[in-house]
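What follows is a single structure, written as structure tokens, with notes after it.
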Amino acid sequence: MHAKKRLRKEKLKKIARAHTLFLAIAFGLYIVLSALFGPEFIFSDLRHKFSALADDTITITGKVLGPPVKPIVSGSSFCTNGNLGVSLVWPVDENSETFDIKRNGALLVTGLTDSNYTDSTVVINTTYTYIITAHGSMGPGLATSAPVAFSTLPECNIVLPPPSITINTFDFKNISYYSEMPQTTNQKPSFSGTTNIPYAKITLLLESSPMISTTTYANENGYWSWIDPEMLDIGSHQLYLTATDLVDEAYSASAVFSFEVVSSQKEEASEKNKSKQKTKEYTSATPAVQIISPAVIPTSIPFAITVAIKNQNHKLHSGDDLLFRVDFLKKSLSLTNKNYPISYDILDENNNLISETSEEINPSQNNFLTKSIPLSKLMHKGNYKILVKIYDGKNLISAEDFFRVEELPLLSVGTTSISFTKFMQDLSWVILFLLLLIILFLIALGHENYLSRQALFNITEDILQKRGFFTKRKGVSR
């Protein structure tokens, strides 16, 4: 019997050593992958796993609070007084705070508070597909409509409208939300709007300290958005914006938007006043967005820059080189002949910084730059932007352009493909799952060993007799 126990104990030790070795190999594999692809492998992998868990939590919370109802969209095409358009409408939902609209897969407008919209940036005899996304009043839930398609009329004597640009949302809220001058406690506010010029160059000038000048682009639907890259001071500010046709620079429109950055205490007082009002409609005598002449826009910036992606169709695979060109424009006499720090930031669609590089450059001696930045092989599929920034001591001059990253297929069989990033993600999940199983097994093994050792110290003669080690004898106590 003792020999059997020794054999069993030896087997348990071998199993424990084997699992410990496997645990070390699995952990070592993780370290090797980190060495091959850089520390960003582990950080990126863990960040996306925690994001996935957070998204699941948000979805559950949204259901508890009452998610928005899926919009059922109806509409029609019209031609009225030389105006061609598509009218969209969907039922009112008390659980929905705002609505976003995508046209042919690209954003058309965001932050709508009404359950209807008229799309007037269309052409004759063309089919457009719309998707409406409803956002919950408390933020956690959303509902997306089924795609709906409408064809514009084959004939319409269209009167070409003048160029226009406007702001629809300020700090992720529709400007109709504000009953007075738009206010925010966020010192890096966001802006979005529309122009009737597809792919327009959007020039923004924000009066602040420092003065912030930037150039971005609208998409094919005329939608544009921008997040201020610099902390703004508490107080009033004005944002001057201009939309310019890339083909005809004379076809442009300008506007100015006034807003205020306030402290949290003033924002709370403003919210209390709003709760007493019966409507959220903008009632100020002066509108938030005013159409202006380009001559009104301040010209104190010593130069301007634009950035343009040179990769075909602005699409890349993870691991490719991002190619872009930076042009220095409208140089003034106030430009000093010296080097300035310039940075190249890559951000994802949530404005999270993915990578950052910098150097020094003399704008007075350079008319343009061509740059190449290698993308990580672990970069996830999605929309990104390159943000170029130069600070001359008084002004922050920036420009941005957008690109999309597609995952490089690792294996393709017919219509099915597995990307490198997906393979690495799945492999890491398998490794983590095996590590968890090994840890649980070692815990159970340790517990069993503990019980076995405890049993060795609690053996009585009665137990030995039942096991057949000796027979009953007189005078032997139990």
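What you see is a predicted model; the values in this text were computed from it and never measured. Values below: all heavy atoms of this structure, side chains included; hydrogens, waters and symmetry mates excluded.
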Spacing of D100 atom CG and I132 atom CD1 [to the nearest 0.5 Å]: 9.0 Å
Exercise: do T244 and E249 side chains pair donor with acceptor under 3.5 Å: no
Side-chain heavy-atom pair L316, M379 within 4.5 angstrom cut-off: no
Donor-acceptor side-chain pairing of S151 and T127 below 3.5 angstrom: yes
Test item: side-chain donor near acceptor, S343 and S358, under 3.5 Å: no
Whether over 12 other heavy atoms sit under 6.0 Å from N352 CG: yes
Minimum side-chain heavy-atom gap E94-V92 below 4.5 Å: no
Proximity of Y384 and F402 rings by center, below 6.0 Å: no
Between N221 and K102: side-chain donor-acceptor atoms closer than 3.5 Å: no
Parallel, tilted or perpendicular, as decided by the 30° and 60° cut-offs, for the rings of F191 and F257: perpendicular
From CD (E400) to NZ (K385), nearest 0.5 Å: 4.0 Å
Any W90 side-chain heavy atom under 4.5 Å of F99 side chain: yes
Set of ring pair (Phe, Tyr, Trp, His ring centres under 6.0 Å) partners for Y340, sequence neighbours left out: none
Between S176 and N174: side-chain donor-acceptor atoms closer than 3.5 Å: yes
Inter-residue atom distance I373.CD1 - L323.CG, 0.5 Å rounding: 10.0 Å
Selection residues 154-204 - residue pairs positive for disulfide (SG to SG under 2.5 Å), sequence neighbours left out: C79-C156
Sub-4.5 Å side-chain heavy-atom contact between L204 and I202: yes
T169 and S192: side chain donor to acceptor below 3.5 Å: yes
E97 side chain reached by H135 side chain, heavy atoms, under 4.5 Å: no
Considering all heavy atoms, the nearest I165-A253 contact: CG2-O, 3.7 Å
Near-ring test Y344/F324, centroid separation under 6.0 angstrom: yes
Donor on one side chain, acceptor on other, D119 and T121, under 3.5 Å: yes
Within 6.0 angstrom of K394 NZ, more than 12 heavy atoms from elsewhere: no
Distance (rounded to the nearest 0.5 Å) between K188 NZ and N351 CG: 8.5 Å
Close side-chain approach of R404 and N383, heavy atoms under 4.5 Å: yes
